[in-house]
Amino acid sequence: MFVEVSAGFRHACGLRADATIACWGRNTDSGTNREGQLDAPSGRFTAVSAGNWHTCGLRVDATIACWGDDREGRLEAPPGRYTAISAGSGHACALREGGFVDCWPPDSWGTRNVPPWRFAAVDAGDAHSCGLRADGIIKCWGVQGYESLARGPSGRWDRLAVGGARACGLRDEGTVTCNIGLWTHPELFDSAAVGWDHACGVRLDGSVACWNWGADDPHGPEVPDYGQASPPPGRFEAVTAGGELSCGLRGDGTVTCWGNVGPASAG
């Protein structure tokens, strides 16, 4: 039984009810050193976030552990106590207990120019990251060029969702608006998640809708269509969008994934 699930590019990880982590999918990218994505450490956790080729978890003592692709120091999480974690393409960001954000590895695309403000939430994308301030304003940072692509929609928001080159804001009444031409989805959602080239949301009735960005995506549709934007029927409590797969958490604690799920799934 799971209480949380997070999809990476070709793998996913879930937080079990007993606070341990299980991962499934592909544990290596042939021909590279991108491996170990499924090798979750032992111990008890309160949150998990899967990036493209690595994953980070928040332990019950509020410290961070990361595993998977170790290039450029992306597994070297800073010491200290944190309340939230988000792994992106080649970097990760975490929210300290005081509300300030730390990102690593140093000088990675999505870690540059982290603003010295207090945030209520943080989410890491490809070459950028974004935070939701307590006043509902979304602020993003990253490399030059991606900052403009990933700038969050203006206004005040209750939640945020970041992935690929996109940043989206969600309001409690269910509206979702994203930075690409200030695109607003016509349906209402309880929650939403943004992947590399697609996004998914849990409708108010518990069903899941996913959509591809296609020609409206300034980053380009680089991921083959494996069905990651074709969710199964049924009701879900939460959804996560990755690269080649998406996953949903059902009310009974089971996880259903679709797309390029790999050699294993979760039940």
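Note that the structure is a prediction, hence the values are computed from the model and not measured. Values below: all heavy atoms of this structure, side chains included; hydrogens, waters and symmetry mates excluded.
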side-chain contact (heavy atoms from CB on, under 4.5 Å) involving [X] - partner list, sequence neighbours excluded:
{"X": "Arg81", "value": "Ala62, Glu97"}
{"X": "Asp102", "value": "Pro78, Tyr82, Arg96"}
{"X": "Pro115", "value": "Trp117, Phe119, Trp141"}
{"X": "Glu76", "value": "none"}

Search all heavy atoms of [X] against all heavy atoms of [Y] and return the closest pair with its distance.
{"X": "Ala192", "Y": "Ala161", "result": "O-CB, 3.8 Å"}
{"X": "Glu187", "Y": "Ala209", "result": "OE1-CB, 4.0 Å"}
{"X": "Ala92", "Y": "Ala87", "result": "CB-CA, 3.9 Å"}
{"X": "Ala124", "Y": "Ser86", "result": "N-OG, 2.9 Å"}
{"X": "Cys247", "Y": "Val5", "result": "CB-CG2, 4.0 Å"}
{"X": "Gln37", "Y": "Asn27", "result": "OE1-O, 2.9 Å"}

Hey, are the side chains of [X] and [Y] touching, using non-hydrogen atoms and a 4.5 Å cut-off?
{"X": "Phe236", "Y": "Pro231", "answer": "no"}
{"X": "Val194", "Y": "Val162", "answer": "no"}
{"X": "Cys66", "Y": "Arg74", "answer": "no"}
{"X": "Val239", "Y": "Leu249", "answer": "no"}
{"X": "Ser6", "Y": "Ser49", "answer": "yes"}
{"X": "Cys210", "Y": "Gln228", "answer": "no"}
{"X": "Cys130", "Y": "Leu132", "answer": "no"}
{"X": "Asp158", "Y": "Leu170", "answer": "no"}

From [X] [atom1] over to [Y] [atom2], what is the distance, rounded to the nearest 0.5 angstrom?
{"X": "Asn52", "Y": "Asp126", "atom1": "CG", "atom2": "CG", "answer": "7.0 Å"}
{"X": "Ile85", "Y": "Cys56", "atom1": "CD1", "atom2": "SG", "answer": "4.5 Å"}
{"X": "Leu15", "Y": "Met1", "atom1": "CG", "atom2": "CE", "answer": "13.0 Å"}
{"X": "Ile138", "Y": "Trp157", "atom1": "CD1", "atom2": "CH2", "answer": "6.5 Å"}
{"X": "Arg203", "Y": "Phe189", "atom1": "CZ", "atom2": "CZ", "answer": "6.0 Å"}
{"X": "Asp172", "Y": "Leu188", "atom1": "CG", "atom2": "CG", "answer": "12.0 Å"}

Mind jotting down which residue pairs meet the side chain to side chain donor-acceptor pair (under 3.5 Å) criterion with at least one end in residues 230-248? Sequence neighbours excluded, please.
-> Arg10-Glu244, His198-Ser246, Glu244-Asn260

Within the side chain of Arg171, is there an N or O that forms a donor-acceptor pair under 3.5 Å with the backbone of Arg156?
->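 Yes, because the side chain of Arg171 sits within donor-acceptor range (under 3.5 Å) of the backbone of Arg156.
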
Donor-acceptor pair, side chain of Glu35 and main chain of Asp69, under 3.5 angstrom =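 Side chain of Glu35 to backbone of Asp69: no pair is present.
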
Treating Ile, Leu, Val, Met, Phe, Trp and Tyr as nodes and any side-chain heavy-atom pair under 4.5 angstrom as an edge, say whether [X] and [Y] lie in one connected cluster.
{"X": "Phe9", "Y": "Tyr226", "answer": "no"}
{"X": "Val101", "Y": "Trp104", "answer": "no"}
{"X": "Phe100", "Y": "Val122", "answer": "no"}

Just do the ring-ring contact (aromatic ring centres under 6.0 Å, His included) check on His185 and Trp211 with the steps written out, would you?
-> CA-CA 10 Å; His185 198 281; Trp211 55 96; 4.3 Å; yes

Ignoring hydrogens and angles, state whether a donor on the side chain of Arg16 or Thr20 is under 3.5 Å from an acceptor on the partner side chain.
-> yes

Pair listing, salt bridge (charged side-chain N to carboxylate O under 4.0 Å, His left out) test, anchored in residues 43-61, at least two apart = none

Trp24 and Cys13: side chain to side chain contact (heavy atoms under 4.5 Å, CB included), yes or no, with the steps?
-> CA-CA 6 Å; Trp24 59 93; Cys13 295; 5.5 Å; no

salt_bridge(Asp135, Arg133) N-O dist < 4.0 Å = yes

